[in-house]
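The figures that follow rest on heavy atoms only: side chains count, while hydrogens, waters and symmetry mates do not.
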Amino acid sequence: MSRFRITTNHYWQNILTRAALIAISVFVTVWFLPRNSGPIFRYDIGKPWMYSSLIAQFDFPVYKTDAAVKAEKDSIQKAFEPYYDIDKGIEGAQITRYFNDYGKGMPGVPKSCVSIVANRLHELYQVGIVKTAEYSAMVKDSSAMIRVVDGKNATSVKVSAVMSVMSAYERLLAEPELQPYKTALQKCNLTEYIVANLIKDNERCEAEINDILSSVPLASGMMLAGQKIIDRGEIVDEELHRVLDSFERETKRRSASRSTITSTVVGQSLFVTIVILLFTLYLGLFRKDYFDKPRSIAMLYVMITVFPILVSLMIEHNVLSVYVLPFAIVPVFIRVFMDSRTAFVSHVTMIMICAAAVKYQYEFIIVQVVSGLVAIYSLRELSQRAQLFKTALLVVLASSGVYLAMQLMQDNSILAMDHSIYKYFIVNGILLLFAYPMMLIVEKTFGFVSAVTLIELSNTSKDLLRQLSEVAPGTFQHSIMVGNLAAEIANKIGAKAQLVRTGALYHDIGKMKSPAFFTENQAGVNPLNNMPRTDAAQIIISHITEGLKIAETYNLPNEIKDFIITHHGTGKTKFFYISYKNEHPDEEVDESLFTYPGTNPFTREQAILMMADTVEAASRSLPEYTEESISALVDKLIEQQIADGFYKHCPITFRDIAIAKQVLIERLTAIYHTRISYPELKPGTLS
């Protein structure tokens, strides 16, 4: 009853976990999706309309293009006549000031010139004076006009009919009567008495020009409900393009109500839920083991959620093209850390969700599915930069090729095609190269171990392996031998060779604690012979726990620690166990004193290492090395492991085990094959 309750609880826990994953992924994705509503069409100027006849479902205005509206407003602003108020008080004030300064005469100038200057100043002020900067900006257009406001009257005057402060001063000095005294007059600083009396009314100008600009019609016609907009196959010209844009614009405006937005959100939620539910069902049916690895599941759902969010943000803010995003990075990571089938299903799931945000779904889905397949096919493991460069190049070529093929199916002329999108494919390939440095982030975040990390760990000059070679050279050589044997088996059965080779190098690091107690490090004297069997067994067993402590100290990945725990499984130190039983035939033996504190292998790589380790160690004790003796030893040891149930929870097949036996027999026979002895030359024999 208790077992049934535990099973039931585990079942419902799995259901709730999967439901929570689906709910969170759907909520986050739909939150960021753009709220597109109404029909979405693809159309370009000079290309045929690919859909059925389009009939206007409602009256809508045909809007002008943004460029046309801007040109019209620019024309209005150019033709606008700014308002200038006459300040009549300025003339009187400046002439009075002039008489106060020079009423008694000016140095070097006849006194009669004083009244002449005053009269000319009066004439200049009557014409009208504008600030020099404003005048210079307007006078460039010879037809420019201003409105001079005098009380309630506003008169349009050409800009060329008034003067700037500088031109008024120049006209004053150019008077024939004052010409002989120009040099003396320049010293009198007469510009101080020439001040602009036409003052621009900025507030009035701004208000009026805003009124005029706001009255510019944004539409240049109307389409009535029931009127045909375009027929299938009809070429989209500039006018039709404007009508279609207006139809989409008006459709979005009409559908911006709360009820329509709610309907859009419901539709998006339903679509995303179905897609993610299918993805979850795939994992539940074909990859159940991933649900036992929280970090693996976390990576999968994060991967299929992040890119739809990025696509939605790019479309919402109209930033570049979505084709610059390296979507193929998702199947690359999942292929490297998991498997290719899951990589493909994850990629298709992500692309379908992204398609809910983009405008041209058909071409987007086709291009991205092809690029994902190419990425999966071309990259088995990411261990070298050259591999990723090749994949990025192939993805760019595949994306460009399939997009060109779709264009050729729609257009007849290559020259008339839009080639601008190919630059986005190139940027996409460049960004895909960042998968190499990003792999470290994914490893640390989700707890994976990449081929690059394994290669770095298998470097025998690393601190830990170097210490092992110095402290326990026999163990080090044994580890290398086991690694070579296990890697060859892994290659034959399609397992992860680099992982098992690296695991083999570290599986016995616990022997560094007491290297002299292990036979491969001894030179004829075995200190265990003089110890009680139970104590000797505990020393041998301790290399598992000591190995885990060292692995923790050096922050070795969990995958490597698993090899330390599983390479002896739950087996016994049989030599000491059997010896103890023989020495104490009437005593009940405490088997835990002779049992390794590990777990049995649960991956094919761990099983391979257990076989290679056991066989390689036992082969050293053979009295003679023949193919028959080695074959008998391999069969005996591995069959005993199977009988002991070491591989009961491991996904290794009988075929894999048979291949492993064959590899071990062949390799050990080659290693221990004795050379023939050459006969010695007898004395007295002629050479």
Side-chain angles (χ1 to χ4, degrees), residues 18-38 40 42 261-283 290 296-335 337-338 342-373 375-376 395 399 403 421 424-425 427-428 431-432 434-435 438 441-442 445-446:
R18 298 175 192 186
L21 286 170
I22 295 171
I24 293 171
S25 301
V26 170
F27 176 79
V28 173
T29 304
V30 173
W31 179 272
F32 285 95
L33 283 177
R35 305 294 176 238
N36 292 329
S37 56
I40 297 176
R42 176 182 179 178
I261 292 175
T262 302
S263 174
T264 303
V265 172
V266 170
Q268 290 174 339
S269 301
L270 181 60
F271 173 75
V272 176
T273 300
I274 291 172
V275 175
I276 295 182
L277 178 61
L278 290 173
F279 176 69
T280 307
L281 286 175
Y282 159 77
L283 294 176
Y290 289 160
S296 297
I297 285 294
M299 188 187 89
L300 288 172
Y301 282 86
V302 166
M303 288 289 182
I304 66 171
T305 304
V306 166
F307 275 91
I309 292 174
L310 292 176
V311 169
S312 300
L313 292 175
M314 289 181 70
I315 291 176
E316 193 74 24
H317 299 286
N318 197 25
V319 180
L320 293 175
S321 167
V322 295
Y323 286 103
V324 302
L325 289 175
F327 295 97
I329 205 169
V330 171
V332 163
F333 281 144
I334 297 176
R335 174 67 186 90
F337 293 123
M338 296 182 181
T342 303
F344 177 70
V345 174
S346 302
H347 183 63
V348 171
T349 301
M350 176 194 66
I351 293 304
M352 290 180 67
I353 297 173
C354 290
V358 302
K359 186 173 183 180
Y360 306 139
Q361 292 99 337
Y362 171 73
E363 69 178 28
F364 175 80
I365 292 174
I366 295 298
V367 169
Q368 298 307 331
V369 167
V370 169
S371 66
L373 283 171
I376 293 170
V395 166
S399 301
Y403 187 81
I421 196 167
Y424 298 126
F425 292 144
V427 174
N428 183 302
L431 292 178
L432 186 57
F434 284 90
M438 284 179 63
I441 299 174
V442 175
T445 304
F446 299 107

For this session: List the steps, then state whether side-chain contact (heavy atoms from CB on, under 4.5 Å) holds for V324 with M314.
Result: CA-CA 10 Å; V324 302; M314 289 181 70; 3.9 Å; yes
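- Taking 4.5 Å as the limit, every side-chain heavy atom of L431 sits out of range of all side-chain heavy atoms of L325.
- Atoms CD1 and OG, on I351 and S371 in that order, are 6.5 Å from each other to the nearest 0.5 Å.
- For the pair V332 and A375, the tightest heavy-atom approach, listed with the atom from each and the gap, is CG2-CB, 3.9 Å.
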For this session: Given side-chain contact (heavy atoms from CB on, under 4.5 Å), test T305 with M350 step by step and report yes or no.
Result: CA-CA 7 Å; T305 304; M350 176 194 66; over 6 Å; no
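- Under a 3.5 Å cut-off, the side chain of H347 and the backbone N or O of Q368 do form a donor-acceptor pair.
- Across P34 and A357, no two heavy atoms sit closer than the pair CD-CB, 3.7 Å.
- For the pair I309 and W31, the minimum side-chain heavy-atom distance is 4.5 Å or more.
- For the atom pair CE (M303) and OG1 (T349), the distance works out to 14.0 Å, reported to the nearest 0.5 Å.
- Of all heavy-atom pairs spanning I304 and S346, the tightest one is CG2-O, 3.7 Å.
- Here the closest non-hydrogen pair linking I334 and M299 is CG1-CE, 3.8 Å.
- At a threshold of 4.5 Å between non-hydrogen side-chain atoms, the residues Y301 and T280 count as touching.
- With contacts defined as side-chain heavy-atom distances shorter than 4.5 Å, the pair V30/V272 qualifies.
- In this structure, the side chains of I353 and I276 come closer than 4.5 Å at one or more pairs of heavy atoms.
- Remark: S296 OG to Y290 OH distance equals 7.0 Å, nearest 0.5 Å.
- Counting heavy atoms from C-beta on, the side chains of L277 and V26 never come closer than 4.5 Å.
- In this structure, the separation between CZ on F279 and CG on L21 is 9.5 Å, given to the nearest 0.5 Å.
- Between L432 and A328, the closest heavy-atom pair is CD1-C, 4.0 Å.
- Scanning both residues, Q361 and A355, for their nearest heavy atoms gives CG-O, 3.0 Å.
- Side-chain contact between V311 and F32 is absent, with no heavy atoms from C-beta onward closer than 4.5 Å.
- Side chains of Y323 and N428 form no contact here, defined as non-hydrogen atoms less than 4.5 Å apart.
- Note on ring orientation: taking the six-membered ring where Trp is involved, the planes of F327 and F364 are perpendicular (angle over 60°, cut-offs 30° and 60°).
- Classification of the F337-F333 ring pair by plane angle, with boundaries at 30° and 60°, yields parallel.
- Side-chain contact, Y282 with T342: a donor N or O sits under 3.5 Å from an acceptor N or O.
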